[in-house]
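Input: a single structure, listed below in C-alpha cells.
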Amino acid sequence: MILSHEIPQGCKLYFGKEAKFKRELESLASAILYQNGYEEIITPTFAYLEYQRDIHSREVVRTNNQFNHQIALRNDSTIDTIRLLAPHLREAAIGKRWFYIQPIFIYPTTEVHQIGVENLENCDILPFIEMSLQVLNGIANFTKSPDSYSKKVFLQLSNVKIPQICAEIFGIPLSAFEKIDIGAIESANPLMAQLLRIYDKESLEAVLQNTKDLPNKLKEELEKLYFLASKIPYAHCLVSPLYYAPMNYYKGLFFRFFAENLTWILGGEYEILGQNACGFAIYTDNLIQSF
C-alpha cells in the first residue's frame with residue numbers, strides 16, 4: 001500500500017531549512033552569474049526524444065504526444081540549451097553567456113536539480129573555477145552549519161584528451177578509464193604506471209621533466225593540465241590526468257569540486273552540434289545533502 005505522503009523513489013521534497021538553502025544558493029549563483037555577464041534561459045521540460053543525448057538510453061523518461069512522436073523529459077540541459085540557441089547564435093542575434101536553474105529527469109522517477117552555466121565564446125575554464133569558488137565561499141555567509149562547511153572540499157583537475165590519446169597510442173579501451181580499471185591501464189605500458197601515480201601539480205611536473213620519449217601530443221595535453229593547476233592557489237587540488245569525464249561531449253580540460261564522494265560542481269570544455277564551449281553545473285541536491 002502506498003501512503004498519501006509517500007513520493008516516488010528519486011523525487012525530491014524540500015521544505016523549511018532545506019528549501020531556504022536551495023533558494024539562497026540559487027540567488028547567490030544568479031547574482032554572481034549576472035555580475036559576470038550571463039543571462040538566464042529556461043528550456044522546456046519536454047523535448048523530442050531524437051534530440052536527447054542518447055535516444056537508446058534507459059535513463060530517459062519517455063512518452064508519446066498526440067501525433068505519436070516520441071517525447072522525453074529533459075535529460076540533459078546542456079544539450080537542450082545549445083540546440084535551442086543554435087539558430088539565434090548563427091544570426092548573432094543573442095549573447096553567448098547563459099545559465100539555467102532547472103532539474104533534469106532520469107528514468108524511472110529521479111529528478112536532479114542543477115544550476116548550469118554555458119559560455120559559447122570563451123573556452124578558458126579558469127574563470128569557471130573562480131566563479132565556482134565564489135559560490136562555495138558565498139555559501140558560508142548564509143549556512144548555519146559551520147561543521148558542514150569545514151568539510152574538506154577537493155578540486156580535481158583532469159584533461160579528457162589524455163585518456164583518449166593513451167587509448168589510441170597504447171590500445172587501451174576507453175571503458176577501462178571509465179571504470180577505472182587499474183590493472184588494464186597499468187599493464188598496457190610502463191608510462192601508464194607513471195601517469196597513474198600523478199596526484200598533484202608537483203608529481204605531474206616531475207613526470208614532465210623526468211620522463212623521456214613522451215609522445216608529443218600526450219606531452220602537450222599534460223602541459224595544458226600542468227599550466228591550469230599552476231594558476232589555481234587552492235589547498236586541496238588534485239591532478240588526475242587519467243580521469244575520464246562522465247559525459248561524452250567533454251573534449252578537453254575538466255574540473256570537479258567534491259566532498260565525501262559527492263560531486264558539488266563539475267564542468268569543462270565541450271563540443272555539442274559543432275559548437276565549442278565551456279560550462280559547469282552546480283549539483284544543488286548534493287550541496288543540500290552536504291549542509
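Below, all heavy atoms of this structure are taken into account, side chains as well, without hydrogens, waters or symmetry copies. Each residue takes its place number in the sequence, starting with 1.
- A side-chain donor from one of Asp76 and Tyr249 sits under 3.5 Å from a side-chain acceptor of the other.
- Looking at Tyr107 and Asn75, their side chains never bring a donor and an acceptor atom within 3.5 Å of each other.
- Residues Leu120 and Ala277 come closest through the heavy atom pair CD2-CB, 3.5 Å.
- Between the side chain of Arg97 and the main chain of Asn36, a donor-acceptor pair closer than 3.5 Å is present.
- Side-chain N or O atoms of Ser240 include none that pairs as donor or acceptor with a backbone N or O of Ser158 at under 3.5 Å.
- Shown here for Asp200 and Val239, the closest heavy-atom pair between the two residues is C-CG2, 3.6 Å.
- Under the 30°/60° scheme for interplanar angles, the aromatic rings of Tyr48 and His69 are found to stand perpendicular.
- Rounded to the nearest 0.5 angstrom, Arg256 CZ and Phe154 CZ are separated by 11.0 Å.
- Contact check for Phe255 versus Leu228: no side-chain heavy atoms found under the 4.5 Å cut-off.
- Shortest non-hydrogen contact noted between Ile172 and Ala167 is O-CB, 3.0 Å.
- Within the 4.5 Å cutoff, side-chain heavy atoms of Ile265 are placed close to those of Leu136.
- No hydrogens or angles considered: a donor-acceptor pair under 3.5 Å links the side chains of Ser290 and Trp264.
- Contact check for Leu73 versus Phe46: side-chain heavy atoms found under the 4.5 Å cut-off.
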Exercise. Passes ring pair (Phe, Tyr, Trp, His ring centres under 6.0 Å), Tyr250 versus Tyr244? Steps please.
Worked result: CA-CA 9 Å; Tyr250 282 110; Tyr244 198 63; over 10 Å; no
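- The backbone N or O of Thr43 lies less than 3.5 Å from a partner atom in the side chain of Gln102, making a donor-acceptor pair.
- Scored by the salt bridge (charged side-chain N to carboxylate O under 4.0 Å, His left out) test, Glu26 finds Lys22, Arg23 as partners (sequence neighbours excluded).
- Listed for the Asn286 side chain is a donor-acceptor partner under 3.5 Å among the backbone atoms of Thr263.
- Between the side chain of Glu269 and the backbone N or O of Leu253, at least one donor-acceptor pair lies under 3.5 Å.
- Although no hydrogens or angles enter the test, the distance criterion places a donor-acceptor pair under 3.5 Å between the side chain of Lys12 and the main chain of Gly10.
- In the model, Thr78 has a side-chain atom that pairs as donor or acceptor with a side-chain atom of Glu118 under 3.5 Å.
- A pairwise comparison of heavy atoms in Ile198 and Pro241 identifies CG2-CD, 3.8 Å as the closest pair.
- The aromatic rings of Phe128 and Phe280 lie perpendicular to each other, with more than 60° between the two planes, well past the 30° mark.
- In terms of heavy atoms, Arg74 sits closest to Pro44 at NH1-O, 3.0 Å.
- Here Glu221 pairs with Lys224 under the salt bridge (charged side-chain N to carboxylate O under 4.0 Å, His left out) rule; sequence neighbours left out.
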